[in-house]
Chemist: 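The structure follows.
Nothing fancy with the numbering, it's 1 onward along the sequence. Since the structure is predicted, the reported quantities are computational estimates derived from the model, not experimental observations.
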Amino acid sequence: MSDALSPYYGEPRIQALQRARDEQVAELVDLPGAVVHARTFSSDNPAALGWDYLRRVMSDEGMVTLRGVDEATVEIAEKELSDFSPKLHVWDLYMADARTIQQICGKIVETGLPDDLSRVPDDQLTAQKVREIQSFLADQGISPFSADALLGKLFPARLIALQTSEGQIVSVGFAAMTHNRNSPFHKSAWVGLIAVDPALRGRGLGKYMDALCNLAAITELGAESTMEFVAQDNAPSRAMLESCGLRQLDGKAVVMFSTSADRITR
């Protein structure tokens, strides 16, 4: 890509996080307790990774995220990271197995798209088109990944976008295998970055895109289950996930420890 189409997008702090995550993939792909890729440095087993490691990340970046952890682990983290006086941001964890996704999401996808919309073919996901997708996500309040991450160049992933007949991006979604073989979630795909143009909301596109991404995770990435994260006060997204067959995993959550009140994404 030329300088005008750097793989990184957003304000300098966001681009720095994108670059850091991309550069760490090779290190994290087999490191116990580490999530291979995310917006912020993430761990699904902080005890295995080591609290010293997480404290270094907090010192360097001001935030770390713990995925799929229980209340006891969060309490330990609060003590281990107390020197940073971090703020906590919490998302609930939703999951579904492959059979459920195929049964429920398969039916949703079979309904098809409105005649005026179509999926962007994979061979049209050019550097320029991915930049448009990054810009679209940012406009919807969703912090995007780098172009290389979105295109699955760093780890198994599927980027899905819908467009009008004029080529305007109106909906985006993403599925990726971001947990390594040491993780209890190593056969689960993360689904996220679900966004719909505000002008087209109310037409079921969010549900369709979510179903499409969950289905791609199973049929194209080979995942045995899928996971999504949703804020506790985001009732529309919770309803969308449940309509696609996902259910909240009791006793587990996704928690960001940050020195800032900014959650990075909604």
Chemist: Kindly work out whether a path of hydrophobic side-chain contacts (I/L/V/M/F/W/Y, heavy atoms less than 4.5 Å apart) joins L151 to Y9.
Modeler: no

Chemist: May I ask you to check whether over 12 heavy atoms, not counting those of E71, lie within 6.0 Å of atom CD?
Modeler: no

Chemist: Can a donor-acceptor pair be found between the side chains of E166 and T164 at a distance below 3.5 Å?
Modeler: yes

Chemist: Hey, what do you get for OG (S135) to CD (E132), rounding to the nearest 0.5 Å?
Modeler: 8.5 Å

Chemist: So do the side chains of E242 and R247 get within less than 4.5 Å of each other, counting heavy atoms only?
Modeler: yes

Chemist: Check P7, S6, P144 against Q18 for a side-chain contact (heavy atoms from CB on, under 4.5 Å) and give me the one that passes.
Modeler: P144

Chemist: Are D44 and S42 close enough, and set up right, to give a side-chain contact (heavy atoms from CB on, under 4.5 Å), and what steps lead you there?
Modeler: CA-CA 7 Å; D44 53 25; S42 301; over 6 Å; no

Chemist: Ignoring hydrogens and geometry, is there a side-chain-to-backbone donor-acceptor pair from T178 to V35 under 3.5 Å?
Modeler: no

Chemist: So, R131 versus Q128: side-chain donor-acceptor pair below 3.5 Å or not?
Modeler: no

Chemist: Using a 3.5 Å distance criterion without hydrogens, assess whether the side chain of N180 forms a donor-acceptor pair with backbone atoms of L28.
Modeler: yes

Chemist: Is there a side-chain contact between F41 and T65 in this structure, where contact means two heavy atoms from C-beta onward sitting under 4.5 Å apart?
Modeler: no

Chemist: State the CG-CG distance between L54 and L49, to the nearest 0.5 angstrom.
Modeler: 5.0 Å

Chemist: Under the side-chain hydrogen bond (donor to acceptor under 3.5 Å, both in side chains) criterion, do T73 and D70 qualify, and how do the steps go?
Modeler: CA-CA 5 Å; T73 301; D70 57 20; 2.8 Å; yes

Chemist: About how many Å separate CG of L137 and CD1 of I194, when rounded to the nearest 0.5 Å?
Modeler: 9.5 Å

Chemist: Could you go through the side-chain contact (heavy atoms from CB on, under 4.5 Å) check for Y208 and V109 one step at a time?
Modeler: CA-CA 6 Å; Y208 182 89; V109 172; 4.1 Å; yes

Chemist: Name all residues meeting the side chain to side chain contact (heavy atoms under 4.5 Å, CB included) criterion together with I76; count only those two or more places apart in sequence or in a different chain, and write none if there are none.
Modeler: W51, E80

Chemist: How many angstroms lie between atom CG of D210 and atom OG of S237, to the nearest 0.5 angstrom?
Modeler: 8.5 Å

Chemist: Any non-hydrogen side-chain atom of E228 less than 4.5 Å from a side-chain atom of V230?
Modeler: no

Chemist: Counting neighbours of CZ on R119 that are heavy atoms of other residues, nucleotides or ligands and sit closer than 6.0 Å, is the number greater than 12?
Modeler: yes

Chemist: Quick check for you: to the nearest 0.5 Å, what is the distance between M63 atom CE and H89 atom NE2?
Modeler: 8.0 Å

Chemist: For L215, does its backbone N or O pair with a side-chain atom of Q102 as donor and acceptor, under 3.5 Å?
Modeler: no

Chemist: Taking the side chain as every heavy atom from C-beta outward, state whether S118 and Q163 have any atom pair closer than 4.5 Å.
Modeler: yes

Chemist: Does the side-chain contact (heavy atoms from CB on, under 4.5 Å) test come out yes or no for L246 and V191, once each step is laid out?
Modeler: CA-CA 11 Å; L246 287 86; V191 171; over 6 Å; no

Chemist: Pick out which of R203, R201, K207 makes a side-chain contact (heavy atoms from CB on, under 4.5 Å) with V196.
Modeler: R201

Chemist: Does F185 reach the side chain of S225, with side-chain heavy atoms less than 4.5 Å apart?
Modeler: no

Chemist: So that I can tick it off, tell me whether D83 and R55 are bridged by a salt bridge, with the cut-off set at under 4.0 angstrom between side-chain N and carboxylate O.
Modeler: no

Chemist: Without hydrogens or angle criteria, can the side chains of R67 and S183 be said to hold a donor-acceptor pair below 3.5 Å?
Modeler: no

Chemist: Find the distance between CG (L5) and NZ (K129) and round it off to the nearest 0.5 Å.
Modeler: 13.0 Å

Chemist: Any side-chain heavy atom of I142 within less than 4.5 Å of one from V172?
Modeler: no

Chemist: Could you walk me through whether Q24 and R21 pass the side-chain hydrogen bond (donor to acceptor under 3.5 Å, both in side chains) test, one step at a time?
Modeler: CA-CA 5 Å; Q24 283 184 315; R21 298 293 78 77; 2.8 Å; yes

Chemist: State, yes or no, whether a side-chain contact exists between M240 and P236 at a heavy-atom distance under 4.5 Å.
Modeler: no

Chemist: Does the side chain of Y94 come within less than 4.5 Å of R238's, by heavy atoms?
Modeler: yes

Chemist: Give a yes or no answer on whether the side chain of T259 reaches the backbone of G62 with a donor-acceptor pair at less than 3.5 Å.
Modeler: yes

Chemist: Please confirm whether the backbone N or O of P32 pairs with a side-chain atom of N45, one donor and one acceptor, at under 3.5 Å?
Modeler: no

Chemist: Can you confirm whether D60 is buried at CG, in the sense that more than 12 heavy atoms of other residues, nucleotides or ligands lie under 6.0 Å from that atom?
Modeler: yes

Chemist: Please lay out, stage by stage, how E110 and K107 fare under the test salt bridge (charged side-chain N to carboxylate O under 4.0 Å, His left out).
Modeler: CA-CA 5 Å; E110 285 176 0; K107 291 180 180 178; over 6 Å; no

